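Data block below; observations after.
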Amino acid sequence: MQYRLATSVAAALGALLLGACSSNPEATSTTNNAAVPDYWPSIQSPIAKSDEVEKKVSEMLATMTVKQKVAQIVQPEIRDVTVEDMREYGFGSYLNGGGSFPNNNKHATPDEWIALAEAMYQASIDDSLDGSTIPTMWGTDAVHGHNNVIGATLFPHNIGLGAMRDPALIEKIATATAKEVRVTGIDWIFAPTVAAARDDRWGRTYESYSEDPEVVGAYARAIVTGLQGDISDGNIDDQHVVSTVKHFVGDGGTEHGDDQGNNIADEETLFRIHAQGYVEGLGAGSQSVMASFNSWHGEKLHGNKYLLTDVLKDKMGFDGFVVGDWNGHGQIEGCSNDNCPQALLAGLDVYMAPTPTWKPLFHNLVAQVESGEIPMSRLDDAVRRVLRVKVRVGLFDLPSPANRSLSGDKSIIGHPEHRAIAREAVRKSLVMLKNNDHLLPLEPNSKVLVAGDGAHNIGKQSGGWTITWQGTGNENSDFPGASSIYQGIRQAVSAAGGSAVLSVDGSYDEKPDVAIVVFGENPYAEGNGDIANVEYQRGEKSDLALLKKLKADGIPVVGVFITGRPLWVNPEINATDAFVVAWLPGSEGQGVADVLFTNENGEIAYPMQGKLSFTWPATPYQNPINRGDGKTPQFEYGYGLTYADNTNLPMLNETVEADSSEAADHVIFQQSVQPPWQLVARVNDETGTMNSSVLTVGDMAIRTADRHVQEDTLLMQFGETPATVAFFAPFPVDLLDFTTPNSALAFDVKLQSGTGIQAGIACGDNCAGMVQLGDFMVDSNEWQAVEIPTKCLIEAGANLKEVYASLQLSVKGQAQLSVSNLRLTQHGKPTTHCP
Ligand code: BGC
Ligand code: BGC
């Protein structure tokens, strides 16, 4: 399939080649930006600056107090701000984070969403305490549909949409998303993500449309247009929302694919690869940009004046506002969540301040403006930008959230027309990697066995950012109106006189004509999804066993792979006859069967047409791997078989040659517990698994805490009762890579109190290697790096071939310790003997 360069990308590149970029006369600042290279274009937003709007904003600004101004640039989160806080402070905006709902109720109804929007709005325009009547604005992460709301249409995640190469459909998806969001009284969304993910070990790869900036650019334009609607009259109407292009800039290009990591690209590469979504998204008029958590050459974007101000605002001419990411300002050197004038000075306009620290942050900012540390002109510019967008989105003219045109029309949430768009996207996003002997399409009047833990699991097929932040903990019943992949298959075959039997483990009474096995990654979000290499089910391979068993029984096997990124699945592909990548299709699982089966007359109703928008690796250790980098992939960028193709895929290489020079650490906990590990605690007979930021079992508690970045630390408090804490996997994990001489179990620890703590590895019933933690520490209650050589754990009885707990702690009585940066490494200190 041909991919057409969006005209505006072509124009921008053309201008670049001609050296024709001129500086933007509309630029808001007079800063001399001579130092910004000319390849950063000046962009004409379709919303031209209007004197009338500027006059209105100036009039408002002239009457505002410092406190009222600062309130416009501090954005708290609904779990940590009340309606009464809104009345008292009059915040310019607020958000709900992923998995955050009105009244903390996952099942909150649209009416409850509207009620909160209405109460917050009314409190914001109530001037009794803060003297301000400026309406507030609500921002939400509607990143694949209105994904925090029960019953909403869930579109495929961006990686699947990338495989469609269909900007027109993207625009329809965005239009539908805007409507569903408007029903709940919300006016602003934190999407699209326009990252070009270059290293698929990154946990946010699925939020990226493509590794290729052309696809990202064309889609950015389409989605911003769909979300904001026709803005040629200078206004976003009440059927549309304010969009956010995020995360500026370079989030998809960090070293090792680390979430919130460091991007070391040179500036031109930063522009050419990572900034095209901004060129196009701002060219389509996006009114906000979110600053990224990542660094560029070691400097956090939230504090990068050159990129935020000189490039984005002055050179590119962006006149909307820059919103921060989740306490991202607190990560700037010298800043904390509650104190960070640096971010505003660098060009951030709105602080995303989700924790209770919004309060000291607010008061510190007020004091810093009053002392002159923050010039009034910078504060005024930030507030002007916020107010300008509020005027453009009609906040001063529209009725209150409960009384807007779409509010409360519940029929729009999960509307059949929106579901039809999503289902079309599912069909177009499927990428077929293998179809030996034309097994697909299947005839619907067959006996089909549907196996695998993804077959009837809408949560799994929807991925992260689905009702909950991580997308975990959902049941099929949390998705009214949705269909699983199995339900789609059942419908297709039963309509044609066939039969579909669901059997997760693949067992059957009557031998089927064909088996469809739906399997793949479990949901994750952000850093939680970072992985050390791209081997699927390393050390486990239970899905491979299932595929092999069915094939050994002589049943033709179709693999349907649910995944947020290309993974090394050569053994799994070899164990199938046909292999289709479904990505993270979302709520309309039926779209899969639409393509896998012919219609009742044996005709192909929907073509198999998706093409990889990411390069597929040939080994687990090839990342980063991208089009044109000279590496030999398993499947090239753009690959994808159609039903017309006559290709039989030969057996693929299954041997894994670990690249020892690059032997990566096996991360167990870093900001989040990494799969397959789960944090489990046991006190007496009571056991609990950590799946939020707090775990309490008996008289012990673990909570997440912030050390360098948010949630990178586990604070453990033990009471009198002996307790065990383990990073546990439900199946044995092979960690034999970490038996080399310098291998160690390594972590940072701060032991505030407690003695006699044992640490080690557990390998099943009566199998463990435990040592005294104190023997590997210095006597101090400050943070320190601990390395326990695996050699010592093996001497103490650990079997690293079958590890069930990669770190187990046994605590006999009261203790308090913090742990972070937990991993197995081959690069520990040399050891001679064990204590
Ligand atoms: C994510 C953003 C998101 C924000 C609000 C952050 O952790 O990086 O993409 O918009 O949270 O939920
Ligand atoms: C929020 C997310 C956010 C994340 C960042 C979660 O608690 O719900 O929206 O992105 O924290 O750490």
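Just so you know, these numbers come straight off a predicted model, no measurement behind them. Heavy-atom basis, side chains included; hydrogens, waters and symmetry copies ignored.
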Is Arg404 close enough and on-axis enough to Tyr121, meaning under 6.0 Å and within 45°, for cation-pi? yes
For the NZ atom on Lys179, are there more than 12 heavy atoms of other groups (residues, nucleotides or ligands in this structure) within a distance under 6.0 Å? no
With a 3.5 Å distance limit and no angle check, can you tell me whether Lys300 reaches the backbone of Phe293 through a side-chain donor-acceptor pair? yes
Heavy-atom donor-acceptor pair, Tyr219 side chain to Leu161 backbone, under 3.5 Å: yes
Report the residues that fulfil ring-ring contact (aromatic ring centres under 6.0 Å, His included) with His418, sequence neighbours left out, ordered by chain and then residue number. His415
Report the residues that fulfil side chain to side chain contact (heavy atoms under 4.5 Å, CB included) with [X], sequence neighbours left out, ordered by chain and then residue number.
{"X": "Ile231", "answer": "Pro46, Ile47, Gln228, Ile236"}
{"X": "Ser58", "answer": "Arg384"}
{"X": "Ser93", "answer": "Gln75, Met137, Trp188, Val350"}

Going by atom types only, do [X] and [Y] share a side-chain donor-acceptor pair under 3.5 Å?
{"X": "Trp465", "Y": "Glu207", "result": "yes"}
{"X": "Asp127", "Y": "Ser132", "result": "no"}
{"X": "His144", "Y": "Thr466", "result": "yes"}

Taking distance alone, no hydrogens or angles, what donor-acceptor pairs closer than 3.5 Å link side-chain atoms of residues 64-73 to residues at least two apart or in another chain?
residue: Thr65; atom: OG1; partner: Gln68; partner atom: N; Å: 3.1
residue: Gln68; atom: OE1; partner: Thr65; partner atom: N; Å: 3.0
residue: Gln68; atom: NE2; partner: Asp130; partner atom: O; Å: 2.8
residue: Gln68; atom: NE2; partner: Gly131; partner atom: O; Å: 3.3
residue: Lys69; atom: NZ; partner: Asp380; partner atom: OD1; Å: 2.8
residue: Gln72; atom: OE1; partner: Lys390; partner atom: NZ; Å: 2.9

Is there side-chain contact between Arg378 and Leu344, with at least one heavy-atom pair below 4.5 Å? yes
So do the side chains of Trp113 and Trp138 get within less than 4.5 Å of each other, counting heavy atoms only? yes
Show the nearest heavy-atom pair for residues Leu398 and Asp238, with the distance to one decimal. CD2-CB, 3.9 Å
With sequence neighbours left out, what residues match Lys359 under salt bridge (Lys or Arg N to Asp or Glu O under 4.0 Å)? none
